[in-house]
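Okay, so here's the structure we're looking at.
Only heavy atoms go into these numbers, but all of them, side chains included; no hydrogens, no water, no symmetry mates. In listed order, ligands and their atoms are each counted from 1.
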Amino acid sequence: MHTLPKLPYAYDALEPHIDAKTMEIHHTKHHQAYIDKLNGAIKGTDFEGMELNHLIRNVDTLPQDIRATVRNNGGGHSNHSFFWEIMGPDCGGEPSGEVGDAINEAFGSFDKFKEIFANAAVSRFGSGWAWLMVEDGRLGITSTPNQDTPIMEGKKVILGLDVWEHAYYLKYQNRRADYIAQWWDVVNWEKVNELFEKAR
Ligand code: MN3
């Protein structure tokens, strides 16, 4: 049975960029709901004990009657568990380490990378995510609808941004671009670098 991971910091730790109320509802209500629906779908099946990302990498091979539920809610569980980890207090700034070099190499500069990533996030119609991913050892930016993730296509994610309205509406209302601009100040680049080194 899948369970809600503990948030690695307090609900108010990402203030003022992401407010405590949003973090609490996002974690205890939205993330929990994905987990409950995922558990409900796989209970008593062969997939009950399967590791989460293994399950969603193989989502297209699941029985038809649970496929969509696992895609949406297993994806939701994976995406949110990941999202909490790549943010933190006293973070932001410029990426250092190998991922910093790789970003400069792939996109020209950190500013250019931020511009392309933010554009992917702001232009995702409706609900979804923007991603920095590693494919065949190379960095790429993409966005996905709903709770889909590049993991479902066999890629590895090292940074992700939730652009569902529930992630920002209390503080930013319709201003998704403002939320994205503020979010850079909570990105945990040390964690992203660690993920990059593993993913390459
Ligand atoms: Mn969310």
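- Between the side chains of Gln147 and Asn72, no donor-acceptor pair is found at a separation under 3.5 Å.
- Listed by chain and number, His26 NE2, His80 NE2, Asp162 OD2, His166 NE2 are the protein N/O/S atoms closer than 2.8 Å to the Mn ion (ligand 1), with waters left out.
- Listed by chain and number, the residues in a side chain to side chain donor-acceptor pair (under 3.5 Å) with Lys37 amount to none (sequence neighbours excluded).
- Taking the six-membered ring for Trp, Trp183 and Tyr172 have ring centres at least 6.0 Å apart.
- Listed by first and then second residue, the ring-ring contact (aromatic ring centres under 6.0 Å, His included) pairs involving residues 33-59 are Tyr34-His80 (not counting sequence neighbours).
- Side-chain contact of His166 with His26: a donor-acceptor pair under 3.5 Å is present, judged by distance alone.
- Partners of Glu115 under the side-chain contact (heavy atoms from CB on, under 4.5 Å) rule, at least two apart in sequence or in another chain, are Lys112.
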